[in-house]
Amino acid sequence: MDDSGRRRQQWRNHPSSSLTGPTRSRSQKLSSNPAKTTHSSNFIPRSTTTTGTTPDNTKNPGYVPKWKSETNANKQQEVEKEAGDDVGSIVGTCLFMCPEPYHLSMSKRQMTRSIRQDLSMQNIVNDRAIHMYEKMVKFHVVSHHRLQNCGSSSMSSLQYLNMEQLTKTLASLYILYEANRSSNSIYENEAEFRSLYVLLHLDSKRQQTEESLSFWFCRVPPIVMKSKEMHFARQVLRFYRMGNYRSFLCTVSAEASYLQYCVIEPYVNEIRALAVSYINNCCYKFHPYPLEQLSKLLMMKESDAESFCHACSLETLTDDGGNKLLPTKQTTFSIPKGSFQSYSLLGLQQ
């Protein structure tokens with residue numbers, strides 16, 4: 001037997017011995033490198049998904065067939081769903097994390113949003129929640145009034161954010177009123193808080209907004225529509241849209257509540273400016289209008305009436321008798337770019 005025949009016979013009898021030295025295969029080289037060795041195990045972890053099968057999977061104690069794994073997953077989902085249904089609403093246990101709304105600074109008024117979110121997540125829709133929402137509305141209304149009187153351009157972003165939160169809080173409050181309504185009754189403060197929505201839309205001249213306001217009236221309970229607070233709001237809305245400044249000022253001074261006036265005050269000065277415009281354009285040129293009479297018409301002090309005319313770029317004069325007058329037909333009349341300063345409304349109920 002030649003050398004090649006002897007090697008073939010040796011390989012048949014001892015196959016492992018022929019793989020020593022430089023003739024080893026590439027797979028054998030990889031397995032001999034400790035850094036690249038992949039350790040295998042007969043244990044296959046339980047999983048809901050499978051990436052393949054091997055002939056001896058059924059002998060592995062950790063092996064789960066694909067059909068059985070999917071069945072267990074479906075059962076687990078059903079159990080979790082039933083458990084979620086049994087849990088119900090989230091119940092808060094900490095009573096000291098959120099400060100009272102009136103204790104918040106002007107720059108942190110959106111903490112009220114967090115309070116609303118907590119109430120919603122815990123599904124609190126009882127009378128206590130209504131009371132909390134009413135306090136939040138009061139906070140935003142008073143903030144709206146004070147921000148309007150600041151007269152600073154840096155407050156415009158705060159005014160926008162505050163009005164946004166006021167609108168959302170009112171919408172949530174109205175939903176709570178309806179959810180807790182029993183028979184044909186209303187809550188003690190419901191009519192006043194409903195009227196605030198109307199007063200916030202006094203200057204809405206766009207047709208789309210007017211249609212939404214009309215639709216909103218249709219959804220208000222009849223017992224609320226018949227209340228004195230809603231009657232007042234609708235009267236004020238009508239007088240403002242008609243430009244009836246005399247009836248507007250008299251009605252506001254006689255019937256407005258504090259919260260209602262906080263919303264109305266910017267429109268009071270606008271309607272006063274409209275009255276001054278009428279007098280300046282319609283009165284006879286050679287007969288100046290007495291400021292004493294103008295102050296009564298505008299329902300403000302005479303000194304405030306003079307200041308108001310100056311804010312509208314109108315001049316005033318004093319006659320020989322010391323009476324202050326407003327010369328008419330002046331062409332310099334204009335509305336201030338910013339807001340008017342705060343003027344008192346005579347006769348307003350405190």
Side-chain angles (χ1 to χ4, degrees), residues 144-145 148-149 151 195 198-211 213-214 230-257 260-349:
H144 170 74
H145 178 249
Q148 289 284 343
N149 293 331
S195 70
V198 181
L199 299 178
L200 287 170
H201 289 77
L202 289 184
D203 63 345
S204 301
K205 301 291 181 64
R206 295 173 297 178
Q207 184 68 19
Q208 180 180 359
T209 306
E210 290 181 357
E211 290 177 352
L213 187 59
S214 300
M230 189 60 70
H231 179 72
F232 162 80
R234 298 180 69 184
Q235 273 193 320
V236 169
L237 175 66
R238 181 168 61 253
F239 294 148
Y240 184 87
R241 298 284 178 88
M242 294 173 59
N244 189 342
Y245 55 86
R246 182 62 180 173
S247 297
F248 178 91
L249 295 174
C250 291
T251 303
V252 170
S253 64
E255 302 181 27
S257 67
Q260 289 172 333
Y261 186 74
C262 285
V263 176
I264 294 173
E265 187 184 38
Y267 306 117
V268 170
N269 287 330
E270 289 185 15
I271 207 76
R272 283 169 169 167
L274 180 65
V276 172
S277 172
Y278 287 164
I279 293 172
N280 178 61
N281 293 328
C282 299
C283 291
Y284 190 57
K285 182 176 181 179
F286 298 103
H287 291 82
Y289 201 87
L291 283 183
E292 180 182 4
Q293 185 174 348
L294 179 64
S295 63
K296 293 179 180 179
L297 183 66
L298 302 181
M299 304 187 71
M300 59 197 312
K301 299 176 182 178
E302 186 175 343
S303 59
D304 288 343
E306 183 179 17
S307 174
F308 190 84
C309 291
H310 294 164
C312 295
S313 302
L314 297 177
E315 297 180 354
T316 59
L317 53 85
T318 305
D319 62 10
D320 297 336
N323 300 313
K324 295 184 177 181
L325 306 171
L326 172 66
T328 56
K329 302 297 183 182
Q330 298 186 50
T331 59
T332 57
F333 175 85
S334 64
I335 302 295
K337 293 183 179 180
S339 58
F340 287 98
Q341 72 177 72
S342 180
Y343 297 101
S344 60
L345 180 63
L346 298 180
L348 181 66
Q349 299 293 330

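No hydrogens, no waters, no symmetry mates; every other heavy atom, side chains included, goes into these values. Start at 1 with the first residue, then count along the sequence.
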Rounded to the nearest 0.5 Å, what separates atom [atom1] in [X] from atom [atom2] in [Y]?
{"X": "L199", "Y": "C262", "atom1": "CG", "atom2": "SG", "result": "11.5 Å"}
{"X": "R238", "Y": "L202", "atom1": "CZ", "atom2": "CG", "result": "12.5 Å"}
{"X": "L298", "Y": "L346", "atom1": "CG", "atom2": "CG", "result": "10.0 Å"}

Any side-chain heavy-atom pair from [X] and [Y] closer than 4.5 angstrom?
{"X": "Y245", "Y": "Y278", "answer": "yes"}
{"X": "S257", "Y": "Y261", "answer": "no"}
{"X": "L291", "Y": "L325", "answer": "no"}
{"X": "R246", "Y": "L297", "answer": "yes"}
{"X": "E255", "Y": "Q260", "answer": "no"}

* **Stepwise side chain to side chain contact (heavy atoms under 4.5 Å, CB included) test for L326 and L314** => CA-CA 8 Å; L326 172 66; L314 297 177; 4.1 Å; yes

Any donor-acceptor N/O pair, [X] side chain to [Y] backbone, under 3.5 Å:
{"X": "Q330", "Y": "N280", "result": "no"}
{"X": "S247", "Y": "N244", "result": "no"}
{"X": "D304", "Y": "Y343", "result": "no"}

Mind listing the closest non-hydrogen atom pair of [X] and [Y] along with its distance?
{"X": "F308", "Y": "N269", "result": "CZ-O, 3.4 Å"}
{"X": "S344", "Y": "R272", "result": "O-NH2, 3.0 Å"}
{"X": "F333", "Y": "A273", "result": "CZ-O, 3.5 Å"}
{"X": "V263", "Y": "P266", "result": "O-CD, 3.5 Å"}
{"X": "M230", "Y": "S195", "result": "CE-N, 3.9 Å"}
{"X": "Q293", "Y": "Y289", "result": "NE2-OH, 3.2 Å"}

* Only counting residues at least two apart or in another chain, list the ones meeting salt bridge (charged side-chain N to carboxylate O under 4.0 Å, His left out) with E306. =>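 Here the qualifying residues are K324.
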
* To do: Run the numbers on F248 and I264 for side chain to side chain contact (heavy atoms under 4.5 Å, CB included), then give the verdict.
  => CA-CA 11 Å; F248 178 91; I264 294 173; 3.9 Å; yes

* Are T316 and H310 close enough that a side-chain donor and a side-chain acceptor fall under 3.5 Å? ->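 Looking only at side-chain atoms, H310 and T316 do form a donor-acceptor pair, the distance falling under 3.5 Å.
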
* **Donor-acceptor pair between S313 and T332 side chains, under 3.5 angstrom** =>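 There is no such pair between these side chains.
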
* Asked: Quick check: are there more than 12 heavy atoms from other residues, nucleotides or ligands sitting under 6.0 Å from NZ of K301?
  ->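 Counting neighbours around NZ of K301, 12 or fewer heavy atoms of other residues, nucleotides or ligands fall under 6.0 Å, so no.
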
* Under the side chain to side chain contact (heavy atoms under 4.5 Å, CB included) rule, what do C250 and F239 come out as? Steps first, then yes or no, please. => CA-CA 11 Å; C250 291; F239 294 148; over 6 Å; no

* Residues I271, Y267; criterion side chain to side chain contact (heavy atoms under 4.5 Å, CB included); working and verdict -> CA-CA 6 Å; I271 207 76; Y267 306 117; over 6 Å; no

